[in-house]
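Read the structure below first, then the notes.
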Amino acid sequence: MTAEQTLLQEIEESQKSLGREKQEGIYKRDLKKRIEVLNWVLQNMKNPETNICALIETKMNQLIDEINAKDSILESDPLDSDVRILDWILYVVCSNE
């Protein structure tokens with residue numbers, strides 16, 4: 001299975017889980033963010049001139065800088081979740097490079 005197929009499958013599974021989730025909360029927020037980030041990566045993968053691995057790493061570094069600038073764990077928690085999502089995507093997309 002290609003990286004693109006894996007990401008598309010993950011979007012599909014996340015959308016199913018999102019549809020089952022009734023209450024607003026951290027899990028539902030993370031599912032929405034996961035779908036958003038997966039779509040962002042897939043969109044950028046369409047451009048052959050884009051070094052997707054470097055782009056993902058840059059985004060992760062920006063988020064880490066934002067986390068370090070926060071004063072509390074509660075403020076940085078959503079950003080930490082975003083970094084974890086991107087870390088998994090980076091592994092899936094770039095593990096063969």
Side-chain angles (χ1 to χ4, degrees):
M1 185 180 305
T2 68
E4 185 175 351
Q5 290 171 324
T6 302
L7 298 180
L8 288 169
Q9 181 179 357
E10 185 65 25
I11 288 173
E12 186 177 312
E13 290 174 12
S14 295
Q15 287 173 333
K16 286 179 186 177
S17 296
L18 186 62
R20 288 189 298 260
E21 191 66 28
K22 302 210 184 320
Q23 294 181 345
E24 287 294 325
I26 294 171
Y27 182 67
K28 193 167 187 176
R29 180 199 70 205
D30 285 351
L31 283 172
K32 288 178 183 177
K33 190 62 173 185
R34 178 183 280 299
I35 293 167
E36 177 186 322
V37 173
L38 287 164
N39 281 320
W40 174 78
V41 170
L42 285 168
Q43 189 66 33
N44 282 294
M45 286 175 72
K46 291 179 184 177
N47 182 353
E49 295 179 16
T50 300
N51 181 340
I52 194 66
C53 298
L55 183 64
I56 294 170
E57 288 176 345
T58 299
K59 182 69 173 168
M60 289 175 67
N61 288 332
Q62 289 171 346
L63 289 169
I64 291 168
D65 289 343
E66 286 182 51
I67 289 169
N68 292 334
K70 299 291 181 185
D71 291 330
S72 78
I73 293 173
L74 293 175
E75 290 178 344
S76 64
D77 186 55
L79 298 172
D80 183 63
S81 293
D82 295 354
V83 171
R84 290 176 190 273
I85 292 167
L86 283 167
D87 185 52
W88 177 81
I89 293 170
L90 182 68
Y91 174 77
V92 169
V93 173
C94 303
S95 62
N96 293 330
E97 290 188 5

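Given the structure is predicted, the values throughout are model-derived calculations rather than measurements.
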> Val37 and Leu86: side chain to side chain contact (heavy atoms under 4.5 Å, CB included), yes or no, with the steps?
Replying inline: CA-CA 8 Å; Val37 173; Leu86 283 167; 3.5 Å; yes

> With sequence neighbours left out, what residues match Thr50 under side-chain hydrogen bond (donor to acceptor under 3.5 Å, both in side chains)?
Replying inline: Asn47

> How many angstroms lie between CD1 in Ile89 and CE in Met45, if you round to the nearest 0.5 Å?
Replying inline: 10.0 Å

> Got Trp40 and Leu55 here, is their nearest side-chain heavy-atom distance under 4.5 Å?
Replying inline: yes

>> Holding to side chain to side chain contact (heavy atoms under 4.5 Å, CB included), I want the full list of residues that pass it with Tyr91, two or more places apart in sequence or in another chain.
In response: Ser95

Using residues 60-67 as the side-chain source, report each donor-acceptor pair under 3.5 Å to any protein atom, sequence neighbours left out, with the distance given to one decimal.
residue	atom	partner	partner atom	Å
Asn61	ND2	Glu57	O	3.3

> Got a sec, which residues hit salt bridge (charged side-chain N to carboxylate O under 4.0 Å, His left out) with Lys16, two or more places apart in sequence or on another chain?
Replying inline: Glu12

>> Can you tell me how far apart CG (Leu74) and NZ (Lys70) are? Round to the nearest 0.5 Å.
In response: 12.0 Å

>> List the residues meeting salt bridge (charged side-chain N to carboxylate O under 4.0 Å, His left out) with Asp80, not counting sequence neighbours, and say none if there are none.
In response: Arg84

>> Please report the interatomic distance CG(Asp87) to CG(Asp82), rounded to the nearest 0.5 Å.
In response: 12.5 Å

> Listed by chain and number, what are the side chain to side chain contact (heavy atoms under 4.5 Å, CB included) partners of Gln5, not counting sequence neighbours?
Replying inline: Met1, Thr2

> Got a sec, which residues hit side chain to side chain contact (heavy atoms under 4.5 Å, CB included) with Leu18, two or more places apart in sequence or on another chain?
Replying inline: Lys28, Leu31, Lys32, Ile35

> What residues, two or more places apart in sequence or in another chain, satisfy side-chain hydrogen bond (donor to acceptor under 3.5 Å, both in side chains) together with Thr6?
Replying inline: none

>> Quick check for you: to the nearest 0.5 Å, what is the distance between Ser17 atom OG and Asp30 atom CG?
In response: 12.0 Å

>> Can you pull out every salt bridge (charged side-chain N to carboxylate O under 4.0 Å, His left out) where at least one residue sits in residues 34-45? Sequence neighbours excluded, please.
In response: Glu10-Arg34, Lys33-Glu36

>> Given Val93, which partner from the list Asn44, Leu42, Leu7 fulfils the side chain to side chain contact (heavy atoms under 4.5 Å, CB included) test?
In response: Leu7

